[in-house]
Amino acid sequence: MIRLAFLMLAAGSALLAAAPMAIAAPSMSEEAIATDPAITPPMLPPTDTNPVASAVRSKLNALPVEGSAEELKERSVLSDVYAARRDVPIWLTEGGLTDRGAALGAEILKAADWGLNPADFHLPVIPPPSKLDAATLGKADVEISKALLKYARYARGGRITAPSILLNSNLDRRPQFLDAETVFRDAIATPDPAEYLRSLHPQHPQFQKLRELYVANRTKPLGKRILANMEQWRWMPADLGQMHVMANVPEFIIRVFKDGDTVHTERIVVGETDKQTTIYTRPLRAVVFKPMWRVPESIKVKELQPDLRRNASLFRQHGLQLETKDGAPIDYRSIDWHTADIRKYEVVQPPGPKNVMGVVKFTFPSQHTIFMHDTLDKWMFAQKVRTLSHGCLRLRNPMKMAEVILAEDKGWDADTVQSKMKTGPRDQEIMLEKRIPMHMVYFTTWVDSDGKLQTFGDIYGHEKRISLALDGKWDEIDVGRDHLAPVGAAPASSDGFSTSSNRPTTQQRQKKQSTTIVDMVGNALGGGF
């Protein structure tokens with residue numbers, strides 16, 4: 001009965017091709033087509049005169065010699081593992097599918113329950129034993145093995161091979177591929193291939209909860225939203241960290257998790273829509289009390305140099321200082337800013353009451369130059385949509401976060417943390433010893449502790465990009481600018497700060513307790529950091 005059921009499912013697999021699901025990503029330059037023998041060793045000659053083994057080897061030899069790095073690795077693994085078995089079939093015998101082969105194929109045909117498209121895996125139609133000749137048997141066995149490895153690749157995000165290139169540079173994630181040889185050998189050895197396939201998907205509780213909701217809503221618009229979020233979980237590290245920090249940008253919320261439980265939650269401010277907070281993971285490196293601020297290049301070029309060409313009011317009001325690239329102080333008034341390039345200098349703001357980073361910052365270094373820190377502008381946290389910075393995260397209660405992190409890393413109590421901040425030196429960097437990952441994420445759907453689905457706005461359009469990619473509509477994706485591209489020099493005629501539709505309104509500003517020069521400059525500088 002198992003074999004018959006698989007035969008019927010396999011025969012009907014072509015009907016599933018019309019499902020609006022995953023379509024492979026376009027070819028990638030970084031995964032350029034490869035034919036180097038060092039990467040893809042030539043297929044071995046048949047190792048057995050048995051006609052079935054010869055058919056297996058013939059099928060392996062006929063596989064394309066071009067493709068992505070992952071595809072080439074899979075083909076090499078297939079060749080090596082089959083060769084070690086003298087090309088004996090794995091999933092079929094002369095009597096048709098084995099029970100394990102039927103179980104594997106039937107589970108692949110249930111891929112839609114996991115947000116994948118069964119038609120992507122090209123399972124063969126198995127004829128009845130009376131029509132199953134050696135050539136068909138050998139070819140079909142290899143095709144089932146190919147489907148297995150492709151399923152494993154797609155289960156870990158292989159439909160969108162490089163989000164930062166194909167979708168947007170601010171999506172600094174990559175599929176979390178499993179080793180193809182390990183997958184293949186484990187699938188062969190497991191007593192339950194179907195259960196093994198299910199284990200290849202992300203095991204994060206949120207992914208599993210979203211999957212259950214997806215199955216119930218897959219034909220609804222909500223199903224597409226959930227699917228885009230499930231795909232992002234395929235890009236997340238399998239081990240999030242025994243203790244980790246997760247900043248969900250569209251939700252404007254940050255959470256600290258320990259042993260799977262939420263131990264701290266706080267509101268955050270994130271980047272404006274044209275100065276986005278990048279989505280990536282790095283370990284927390286340090287907590288810095290009374291930090292110095294080193295002004296990012298984009299702010300130097302777009303905001304400070306135009307001000308220097310007028311009257312340098314921001315330098316005076318904010319107490320900014322100019323340095324050479326070697327750290328030597330230099331008088332900003334001695335330079336003709338109509339001809340000089342501010343990118344050749346460093347601009348810093350010493351610790352103090354005007355410092356836009358407040359009393360504490362958290363570092364997790366990357367090429368994106370993003371921090372998490374305090375802010376002078378507490379009014380921002382009363383806003384529902386908090387896309388108000390130049391990309392960094394701003395915390396409503398940063399000292400509480402410092403207490404949570406340093407209690408874990410140093411064993412300090414709250415009084416000790418407060419004392420370190422108040423009595424310690426300026427720009428005091430406390431290096432962390434434990435591994436505490438900082439995950440910047442973009443989940444627009446989230447299942448809360450009560451099992452209810454929460455949805456958030458697609459503020460940067462990443463959800464839309466992912467959905468278009470999963471539908472195969474690559475030409476409709478607005479990749480946008482590369483936020484890591486070098487910043488050009490400010491034009492000599494530039495005479496003002498950059499503006500954004502996300503700037504606070506006059507009514508919002510009036511909600512603050514006071515409006516001072518520091519506040520206004522903070523909105524231009526710190527408000528964007």
Side-chain angles (χ1 to χ4, degrees), residues 2 5-6 8-24 102-123 147-148 150-160 175-176 178 187 190 192-236 238 240 248 250-251 260 441-456 458 462-473:
I2 294 176
F6 177 42
M8 295 174 64
L9 287 168
S13 63
L15 298 177
L16 298 170
M21 300 284 289
I23 297 180
L104 180 77
E107 186 62 31
I108 291 176
L109 290 174
K110 296 177 184 176
D113 289 345
W114 295 88
L116 304 179
N117 186 353
D120 284 337
F121 306 113
H122 307 292
L123 281 172
L148 160 67
K150 188 174 184 180
Y151 186 101
R153 177 160 35 101
Y154 278 23
R156 291 305 181 98
R159 290 180 290 185
I160 304 174
Q176 299 296 294
L178 301 169
T190 182
D192 189 344
E195 177 58 32
Y196 179 73
L197 277 187
R198 292 190 287 271
S199 75
L200 299 177
H201 295 278
Q203 299 301 299
H204 307 105
Q206 272 293 316
F207 177 86
Q208 299 295 332
K209 292 175 182 178
L210 288 174
R211 188 192 79 84
E212 293 174 5
L213 289 172
Y214 170 74
V215 171
N217 294 277
R218 74 178 84 183
T219 62
K220 304 174 184 177
L222 178 60
K224 179 169 284 193
R225 299 199 68 188
I226 295 173
L227 186 63
N229 283 266
M230 288 171 61
E231 197 67 16
Q232 291 190 69
W233 279 107
R234 302 183 196 277
W235 306 337
M236 292 295 291
L240 297 178
N248 192 18
E251 188 182 4
V441 299
Y442 192 89
F443 294 125
T444 54
T445 60
W446 185 273
V447 182
D448 64 21
S449 57
D450 295 326
K452 296 180 180 178
L453 182 68
Q454 304 294 328
T455 59
F456 314 107
D458 186 15
H462 294 330
E463 178 196 299
K464 180 180 179 180
R465 293 182 179 94
I466 296 168
S467 293
L468 288 171
L470 295 180
D471 286 343
K473 300 178 180 178

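If you read the sequence from its start, that first residue is 1, and numbering goes on from there.
Nearest heavy-atom pair across Ala194 and Ala103 is CB-O, 4.0 Å. Heavy-atom minimum distance, Ser467 versus Ala228: OG-CB, 3.7 Å. Contact detail for Val447 and Gln206: the closest heavy-atom pair is O-NE2, 2.6 Å. Contact between Met230 and Leu210 at its shortest, heavy atoms only, is CG-CB, 4.0 Å. The minimum heavy-atom distance linking Leu116 with Phe121 is given by the pair CD1-CZ, 4.1 Å. Nearest heavy-atom pair, Ala155 versus Pro202, reported as atom, atom and distance to 0.1 Å: O-CD, 3.5 Å.
For Glu231, the side-chain hydrogen bond (donor to acceptor under 3.5 Å, both in side chains) partners two or more places apart in sequence, or in a different chain, are Arg159, Arg234. Looking at residues two or more places apart in sequence or on another chain, you find a side-chain contact (heavy atoms from CB on, under 4.5 Å) between Leu178 and Arg156, Val183, Leu200. For Asp448, the side-chain hydrogen bond (donor to acceptor under 3.5 Å, both in side chains) partners two or more places apart in sequence, or in a different chain, are Gln454. Listed by chain and number, the residues in a side-chain contact (heavy atoms from CB on, under 4.5 Å) with Gln203 are Gln208 (sequence neighbours excluded). Applying the side-chain contact (heavy atoms from CB on, under 4.5 Å) rule to Lys110 yields the partners Glu107, Asp113; only residues at least two apart in sequence or on another chain are considered. A search for side-chain hydrogen bond (donor to acceptor under 3.5 Å, both in side chains) contacts involving Thr444 returns Asn229, Glu463, not counting sequence neighbours.
Lys209 NZ: more than 12 foreign heavy atoms inside a 6.0 Å radius.
Distance CD1/Ile108 to CG/Leu123: 4.5 Å, rounded to 0.5 Å. For the atom pair CG (Leu227) and CG (Leu213), the distance works out to 13.0 Å, reported to the nearest 0.5 Å. Here the CZ atom belonging to Arg225 is positioned 15.0 Å from the NZ atom belonging to Lys220, to the nearest 0.5 angstrom.
By the 4.5 Å heavy-atom criterion applied to side chains, Ile160 and Leu470 are counted as neighbours. The shortest distance between side-chain heavy atoms of Trp235 and Ile466 falls below 4.5 Å.
Electrostatic pairing of Asp471 and Lys224 counts as a salt bridge here, judged by a charged N lying under 4.0 Å from a carboxylate O.
His201 and Tyr154 form no side-chain donor-acceptor contact under 3.5 Å, judged by distance and modelled atom types alone.
The cationic group of Arg198 does not satisfy the cation-pi geometry with Trp114, failing either the under 6.0 Å distance to the six-membered ring centre or the 45° limit from the ring axis.
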Kindly determine whether Leu222 and Leu453 satisfy side chain to side chain contact (heavy atoms under 4.5 Å, CB included), including the steps that lead there. CA-CA 10 Å; Leu222 178 60; Leu453 182 68; 3.7 Å; yes

Determine whether Tyr151 and Asp120 satisfy the following criterion, side-chain hydrogen bond (donor to acceptor under 3.5 Å, both in side chains), listing intermediate values before the conclusion. CA-CA 9 Å; Tyr151 186 101; Asp120 284 337; over 6 Å; no

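Aromatic ring centres of His462 and Phe443: separated by at least 6.0 Å.
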